[in-house]
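Data block below; observations after.
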Amino acid sequence: MTRNKGAMTVAEAGRRGGATTAQRHGPEFYEQIGKKGGRTTAQRHGSDFYEQIGKQGGQKVKELYGPRFYGRIGKIGGDTVSEKYGHEHFEEIGKKGGQKVAELIARGKQAG
């Protein structure tokens, strides 16, 4: 983009404004406005909207990077979590998941 003497591009103005806002208000501000925006979007479009756009986004990622991409990023994420929390973390969440499954099976047997 070209510049006039002393003028800045719209992109540069946006970056500067965003940086100033982040400095003044911190990450909590973005969390609050994100939640507010999410609630408003859910009220306007319903919860199915998120499912629809999630599927569209996932399909686009699969088209761009291929289906194996998810396996690669999952491994990277798992390795990162393991480094941060240790393998005990996976044992703990695995036990919690197993307990939840057992509860659901028991409820299903009682209802059925």
Side-chain angles (χ1 to χ4, degrees):
M1 300 201 174
T2 60
R3 290 175 180 257
N4 292 336
K5 191 174 185 181
M8 69 175 81
T9 65
V10 172
E12 187 177 358
R15 269 192 302 279
R16 286 186 177 187
T20 300
T21 300
Q23 198 171 26
R24 285 186 187 156
H25 300 288
E28 297 83 13
F29 171 75
Y30 290 104
E31 184 178 336
Q32 290 171 350
I33 63 172
K35 285 180 181 179
K36 184 177 178 182
R39 283 193 300 270
T40 301
T41 300
Q43 288 172 347
R44 287 185 185 163
H45 301 286
S47 58
D48 292 341
F49 175 73
Y50 289 107
E51 182 179 340
Q52 180 185 358
I53 63 172
K55 284 180 181 177
Q56 289 174 351
Q59 185 62 38
K60 186 65 176 179
V61 168
K62 190 163 88 174
E63 289 170 11
L64 289 171
Y65 301 106
R68 292 186 177 174
F69 174 74
Y70 294 106
R72 287 195 307 271
I73 64 172
K75 176 157 180 20
I76 291 168
D79 291 346
T80 301
V81 169
S82 184
E83 287 174 20
K84 186 172 183 177
Y85 300 107
H87 74 276
E88 296 84 6
H89 172 74
F90 291 104
E91 291 175 9
E92 184 180 327
I93 62 174
K95 287 177 186 174
K96 287 181 181 178
Q99 290 169 349
K100 185 67 172 178
V101 169
E103 290 172 15
L104 293 172
I105 291 171
R107 271 196 239 159
K109 287 181 180 178
Q110 289 175 349

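All values below come from the heavy atoms of this structure, side chains included, with hydrogens, waters and symmetry mates left out. Source: prediction; values computed, not measured.
- Judged as a salt bridge (charged side-chain N to carboxylate O under 4.0 Å, His left out), and not counting sequence neighbours, E28 has no contacts.
- Among residue pairs with one or both ends in residues 58-67, none qualify as side chain to side chain donor-acceptor pair (under 3.5 Å); sequence neighbours excluded.
- For E51, the salt bridge (charged side-chain N to carboxylate O under 4.0 Å, His left out) criterion is met by K55, not counting sequence neighbours.
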Contacts table for residues 81-93: side-chain donor-acceptor under 3.5 angstrom, sequence neighbours left out:
none

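- The CG atom of L104 lies 12.5 Å from the NZ atom of K109; values are rounded to the nearest 0.5 Å.
- In the hydrophobic clustering, where aliphatic and aromatic side chains (Ile, Leu, Val, Met, Phe, Trp, Tyr) are joined below 4.5 Å either directly or transitively, I53 groups with F49, Y50.
- The side-chain heavy atoms of M8 and R16, taken from C-beta on, include a pair separated by under 4.5 Å.
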For residues 69-77, run the donor-acceptor check on the side chains, cut-off 3.5 Å, and write out each pair with its distance to 0.1 Å, sequence neighbours left out.
residue	atom	partner	partner atom	Å
Y70	OH	G58	O	2.7
K75	NZ	D79	OD1	3.4
K75	NZ	D79	OD2	3.0

